[in-house]
Participant: 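I am attaching a structure below and will ask some questions about it afterwards.
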Amino acid sequence: MQASGINLGAFNATRRPLVAVATVTADGVHVELSPARLGGIKLSDNLGELFAAWRAWLLELPAPIGVDLALDVAGLGSNAALVWELTHRPIDFAFYGDAPVTDRIGEFGTRFRAMLAATDFADRFVEACPRATIELLAFKGQYVGGAAHHGHSGWKADDKNQRNDKLMAKILSELGVNPLPGAEKFSSDELDATLCALTALAKARDAGLLEARELDTEIAQRCGRRAGADPNPAHKAPRNVAVLAQPYWATLNVSRRA
């Protein structure tokens with residue numbers, strides 16, 4: 001059994017995304033990382049040619065495919081009573097995610113959703129939420145932009161004075177990430193792609209996910225706490241979202257392919 005993950009959110013910081021392919025093994029899960037085949041985009045590019053190139057590559061990946069990109073923005077900003085509701089979906093606000101339309105990732109998100117709307121394989125994709133997973137696993141702090149490396153004594157922060165680097169080392173250690181040769185260095189991009197693939201695989205296996213009703217409750221409560229208001233039952237998860245809430249693997253090996 002296999003699944004894939006792509007950290008498309010890297011476009012928010014003008015970095016190249018990675019693709020992770022997760023495979024069930026005899027003793028756990030193996031994740032292979034490689035560069036995503038999504039090149040630069042010019043405003044003058046022909047949409048038909050661009051989407052055809054994306055589709056050809058995406059259809060090569062094992063499904064389901066987890067992406068850290070908003071797949072459903074229907075109703076965003078409608079019936080807003082609080083300022084955050086104009087720009088963030090409840091799941092974004094609850095877990096400190098990016099505004100899916102107004103942040104820099106919004107441009108790529110608009111193009112990606114347009115591509116999916118013109119295909120017959122949108123059901124291959126699931127919206128994964130790495131930041132939600134990190135929150136639910138009780139890791140405190142911001143890991144985005146962090147980096148760690150693996151040495152004789154395990155995972156270490158690239159810079160012990162940087163909080164996000166230290167958090168990255170802690171996350172990788174506690175998730176049991178075992179780097180194979182060539183994967184001893186890990187940034188938050190590698191972590192996001194890995195979590196997207198692990199979330200997609202969890203959906204395929206029906207294991208480790210926060211169930212729909214529990215997820216809706218968690219989102220409503222977190223939105224209420226962040227806004228200093230009572231939980232609103234209308235604050236629910238969007239369609240086709242999956243949130244990994246607990247590890248389901250005995251071992252987690254990670255390799256890298258150029």
Side-chain angles (χ1 to χ4, degrees), residues 1-10 13 15-38 57-68 124 126 128-134 136-137 139 143-160 162 164-205 207-209 242-258:
M1 180 179 291
Q2 289 187 306
S4 307
I6 317 171
N7 66 319
L8 294 175
R15 295 189 302 273
R16 186 178 181 182
L18 299 164
V19 60
V21 175
T23 304
V24 175
T25 62
D27 59 349
V29 176
H30 173 220
V31 173
E32 182 182 68
L33 292 161
S34 60
R37 283 160 40 194
L38 293 168
W57 173 66
L58 291 168
L59 283 170
E60 295 175 5
L61 300 178
I65 304 170
V67 294
D68 60 342
R124 291 169 57 89
V126 59
C129 304
R131 294 187 193 181
T133 295
I134 296 303
L136 291 172
L137 293 176
F139 293 108
Y143 72 96
V144 176
H149 60 275
H150 194 272
H152 296 299
S153 56
W155 289 102
K156 298 293 183 183
D158 275 10
D159 184 342
K160 63 181 180 180
Q162 294 293 325
N164 52 356
D165 284 13
K166 291 191 292 185
L167 182 57
M168 274 288 298
K170 182 178 181 181
I171 291 170
L172 294 170
S173 296
E174 297 198 19
L175 290 180
V177 175
N178 175 42
L180 300 180
E184 297 91 350
K185 291 183 176 292
F186 239 73
S187 71
S188 61
D189 285 341
E190 276 89 357
L191 178 59
D192 283 342
T194 297
L195 289 175
C196 284
L198 291 172
T199 301
L201 188 60
K203 185 173 180 64
R205 299 184 64 181
L209 298 178
V243 175
L244 180 65
Q246 60 185 8
Y248 55 86
W249 52 85
T251 61
L252 179 55
N253 294 318
V254 178
S255 62
R256 189 186 306 274
R257 178 167 56 88

Participant: Ignoring hydrogens and geometry, is there a side-chain-to-backbone donor-acceptor pair from Arg256 to Gly182 under 3.5 Å?
Facilitator: yes

Participant: Ignoring hydrogens, what is the shortest heavy-atom contact between Ala204 and Met1? Give both atom names and the distance.
Facilitator: CB-SD, 4.0 Å

Participant: Taking all non-hydrogen atoms of both residues into account, name the closest pair between Ala197 and Ala3 and its distance.
Facilitator: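 Minimum heavy-atom separation between Ala197 and Ala3: O-CB, 4.1 Å.
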
Participant: Going by heavy atoms in the side chains, are Val21 and Pro62 under 4.5 Å from each other?
Facilitator: yes

Participant: With a 3.5 Å distance limit and no angle check, can you tell me whether Asp165 reaches the backbone of Ala147 through a side-chain donor-acceptor pair?
Facilitator: yes

Participant: Give me the atom names and distance for the closest heavy-atom approach of Pro130 to Asp68.
Facilitator: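 Nearest heavy atoms, Pro130 then Asp68: CD-CB, 3.8 Å.
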
Participant: Measuring from Asp159:CG to Met168:CE, what's the distance to the nearest 0.5 Å?
Facilitator: 13.5 Å

Participant: Side-chain contact test, heavy atoms from C-beta onward, threshold under 4.5 Å: evaluate it for Leu61 versus Ile6 and give yes or no.
Facilitator: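 They are in contact (side-chain heavy atoms under 4.5 Å apart), so the answer is yes.
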
Participant: Do Pro179 and Val254 come close enough that some side-chain heavy atom pair is under 4.5 Å?
Facilitator: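 When only atoms from C-beta onward are counted, Val254 and Pro179 do not touch, as no gap falls below 4.5 Å.
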
Participant: Side chains of Val19 and Leu33: closer than 4.5 Å at any heavy-atom pair?
Facilitator: no

Participant: Measure the CD1-CZ distance between Ile65 and Arg124 for me, rounded to the nearest 0.5 Å.
Facilitator: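 Atom-to-atom, Ile65:CD1 and Arg124:CZ are 4.5 Å apart.
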
Participant: To the closest 0.5 Å, what do you measure between CG (Leu18) and CG (Leu191)?
Facilitator: 11.0 Å

Participant: For Thr25 and Trp249, run side-chain contact (heavy atoms from CB on, under 4.5 Å): C-alpha distance rounded to whole Å, both residues' side-chain angles, the deciding distance at 0.1 Å, then the answer.
Facilitator: CA-CA 10 Å; Thr25 62; Trp249 52 85; over 6 Å; no

Participant: Only one of Val243, Thr199, Thr133 passes side chain to side chain contact (heavy atoms under 4.5 Å, CB included) with Leu209; say which it is.
Facilitator: Thr199

Participant: What's the separation between atom CD1 in Ile171 and atom CZ in Phe186, rounded to the nearest 0.5 Å?
Facilitator: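 Separation between the atoms: 11.0 Å.
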
Participant: Restricting to non-hydrogen atoms, name the atom on Arg16 and the atom on Pro35 that form the minimum distance, rounded to 0.1 Å.
Facilitator: CZ-CB, 3.7 Å

Participant: Where do Glu184 and His149 land on the side-chain contact (heavy atoms from CB on, under 4.5 Å) test, with the steps shown first?
Facilitator: CA-CA 6 Å; Glu184 297 91 350; His149 60 275; 5.8 Å; no

Participant: Minimum heavy-atom separation for Pro64 and Ala200, please, with both atom names.
Facilitator: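 Smallest heavy-atom distance, with atoms named: CG-O, 3.3 Å.
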
Participant: When you look at Val31 and Leu201, which way does the side-chain contact (heavy atoms from CB on, under 4.5 Å) test go after all the steps?
Facilitator: CA-CA 11 Å; Val31 173; Leu201 188 60; over 6 Å; no

Participant: Would you indicate whether the side-chain heavy atoms of Asn7 and Ser188 approach each other to under 4.5 Å?
Facilitator: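 When only atoms from C-beta onward are counted, Asn7 and Ser188 do not touch, as no gap falls below 4.5 Å.
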
Participant: Can you measure from CZ (Arg37) to CG (Leu58) and round to the nearest 0.5 angstrom?
Facilitator: 9.5 Å

Participant: For residues Ala157 and Ala169, report the shortest heavy-atom separation together with the two atoms involved.
Facilitator: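 Result for this residue pair: N-CB, 3.7 Å.
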
Participant: For the residue pair Arg131 and Val144, establish whether any side-chain heavy-atom pair is separated by less than 4.5 Å.
Facilitator: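 They are in side-chain contact.
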
Participant: Could you check whether any side-chain heavy atom of Tyr143 comes within less than 4.5 Å of a side-chain heavy atom of Leu172, counting everything from C-beta outward?
Facilitator: no

Participant: side-chain contact (heavy atoms from CB on, under 4.5 Å) between Leu175 and Leu195: does it pass, once the steps are laid out?
Facilitator: CA-CA 10 Å; Leu175 290 180; Leu195 289 175; 4.3 Å; yes

Participant: Nearest 0.5 Å please: distance from the CG atom of Asn178 over to the NE2 atom of His30.
Facilitator: 9.5 Å

